[in-house]
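For ligands, and for the atoms within them, numbers begin at 1 and follow the listed sequence. All residue numbers in this chain count up from 1 along the given sequence.
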Amino acid sequence: MSFENAKKLYSEHGVDVEHALETAASTPISIQCWQGDDVTGFDSGGTGGGIQATGNYPGRAGNFDELKADFSKACSFIPGKKRINLHASYAVFSNGKKDRDALNYEHFSPWVEFAKEKRIGIDFNPTCFGHAKVKDGLTLSSPDKETRDFWIRHCKQSRIIANGIGDALSDKVLNNIWIPDGLKDIPADRTGPRKRLKEALDEIFASRLPNVIDCVESKVFGIGLESYTAGSNEFYLSYCASRGDVYPLLDNGHFHPTENAADKISALALFFDCVPFHITRPVRWDSDHVPLFNDELRELFTEIVRSGALSKARIGLDFFDASINRVAAWITGTHSAQKALLYALLTPDLSGLQNSGDFTQLMYRQEELRLLPFGEIWDEYLRRGNIPGNWYDVIKKYENEVLKARK
Ligand code: RNT
Ligand code: ZN
């Protein structure tokens, strides 16, 4: 079937394919730098804090140049508007290493140069894990003042850096705080850590920064921190609702496996004017597998579009798989998110059937939509983005010639 015929079929369902293609192409996707090196970073912190990259595929990017090269290679096969999502642990040190509480904009100006070159935006994250100052699994909620103050300073610096990046790129930069803070076993005090976290956040967000969109990322549990997480969903939702200038970031891997993350979006979009996301694929836990074009992702994006959240959404990706070619993983995971977005934009509004109680037709029509020739529209999206179809062969060649040569 040709694209034109596919387009006709969609239009019979009341779908404007051209509008969907344009909207998909102009919706920025913030691509996480950390897929390229298994969240290692340049300050040799690594993961920890309940997150883990598993696998040992050859070719991990080991420095700034390698990470830039791999990211660029991946981007050459990714259509649409892109951003790069950085962690503070990816500071580029040219005048000696600095600890995380002493990082400055200058350590990220090389990334700004890179972003300018590639005409992409940047988002930012303090790195509150993989560091000797994470004490007993705790950072901002630690009972130890010195530990808490160190991470408060780090988060403050991160906001200042994000603001500097925004200045340099004339852009708004999302600064997302995720902390691992939790307990392996049954707590004696659930309130104390949350109270300290609240106070730490108040300190971090004390001043407004014009180029920064602040958000906080909740989580249900981490490996080794199974019994309690200070920054739970209720904690951050309440915190954000009480302030209005900090937003709750929804990572679809951060809930109980039977909870439907897509269902939460319409509730958030009714109350917040910014709805940030981390898109991932949790397999039995927050495993951060490469997202696939599956039912979960389709529903997530369909909800973003039909709840009216797309214009408020900040879509970021958060996966890291060290067991397969990392560049191919970047492309496949980003394509999956983009496919799900395009699919959502091609979904007709069936709310009339729901509202008139015609649930029989609603079920039948929803099933019918699954068989529309989506592949033709996706191929056209790639063609319009000048993305060659043979990306796997090129990446395989890159693996053999570049990645495998790395030590
Ligand atoms: C961890 C959070 C967090 C990290 C990244 C590296 O569970 O999802 O977003 O994955 O910041
Ligand atoms: Zn996340």
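The aromatic rings of Trp178 and Phe129 are tilted relative to each other, their planes meeting at an angle between 30° and 60°.
Contact between Asn125 and Leu86 at its shortest, heavy atoms only, is ND2-O, 2.8 Å. Between Pro180 and Leu225, the closest heavy-atom pair is O-CD1, 3.2 Å. Shortest non-hydrogen contact noted between Leu140 and Cys155 is CD1-SG, 4.2 Å.
A donor-acceptor pair shorter than 3.5 Å cannot be found between the side chains of Asn85 and Trp34. Side-chain contact annotation: Arg60 with Thr40, donor-acceptor N/O pair under 3.5 Å present.
At a cut-off of 2.8 Å, Glu217 is counted among the residues with an N, O or S atom near the Zn ion (ligand 2). Distances from the Zn ion (ligand 2) show that His278 has an N/O/S atom below 2.8 Å.
The shortest side-chain heavy-atom distance between His335 and Pro79 falls under the 4.5 Å cut-off.
Cation-pi geometry between Lys264 and Phe255 is satisfied (NZ or CZ under 6.0 Å from the ring centre, within 45° of the ring normal).
Of the listed residues (Asp37, Asp38, Asp321), just one forms a side-chain hydrogen bond (donor to acceptor under 3.5 Å, both in side chains) with Arg326, and that residue is Asp38.
An N or O contact shorter than 3.5 Å is missing between Asn125 and ligand 1 by distance. Below 3.5 Å of separation, one finds an N or O of Lys219 facing an N or O of ligand 1. Considering backbone and side-chain atoms together, Trp178 places no N or O closer than 3.5 Å to any N or O of ligand 1. For Trp34, no nitrogen or oxygen atom sits less than 3.5 Å from a nitrogen or oxygen atom of ligand 1, counting backbone and side chain alike.
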(message) With side chain to side chain donor-acceptor pair (under 3.5 Å) as the criterion, how do Tyr239 and Asp202 come out once you've worked through the C-alpha distance, each side chain's angles and the decisive distance to 0.1 Å?
(response) CA-CA 10 Å; Tyr239 186 77; Asp202 285 346; 2.7 Å; yes
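Looking from atom 10 (O) of ligand 1 to the surrounding protein, the closest heavy atom is Asp318 OD2, 2.8 Å. Protein heavy atom closest to atom 9 (O) of ligand 1, with residue, atom name and distance, is Glu217 OE1, 2.7 Å. The shortest contact between atom 6 (C) of ligand 1 and any protein heavy atom is with His87 NE2, 3.4 Å.
Distances from the Zn ion (ligand 2) to the N/O/S atoms of Asp251 are shortest for OD2. Nearest N/O/S atom of Asp318 relative to the Zn ion (ligand 2): this is OD2.
Within the 4.0 Å heavy-atom criterion, neither part of Gln32 lies near ligand 1. Heavy atoms of Asp286 found under 4.0 angstrom from ligand 1 belong exclusively to the side chain.
Which parts of ligand 1 touch Ile51 is read off a 4.0 Å heavy-atom cut-off, strictly below it: atoms 1 (C), 7 (O). Listed by atom number, the atoms of ligand 1 under 4.0 Å from His278 heavy atoms are 9 (O). For ligand 1 and Phe320, the ligand atoms under 4.0 Å from any heavy atom of the residue are 10 (O). Below 4.0 Å from some heavy atom of His254 lie the following atoms of ligand 1, by number and element: 1 (C), 2 (C), 7 (O), 8 (O).
For the atom pair CG of Asp70 and CD of Glu399, the computed distance is 11.0 Å after rounding to the nearest 0.5 Å.
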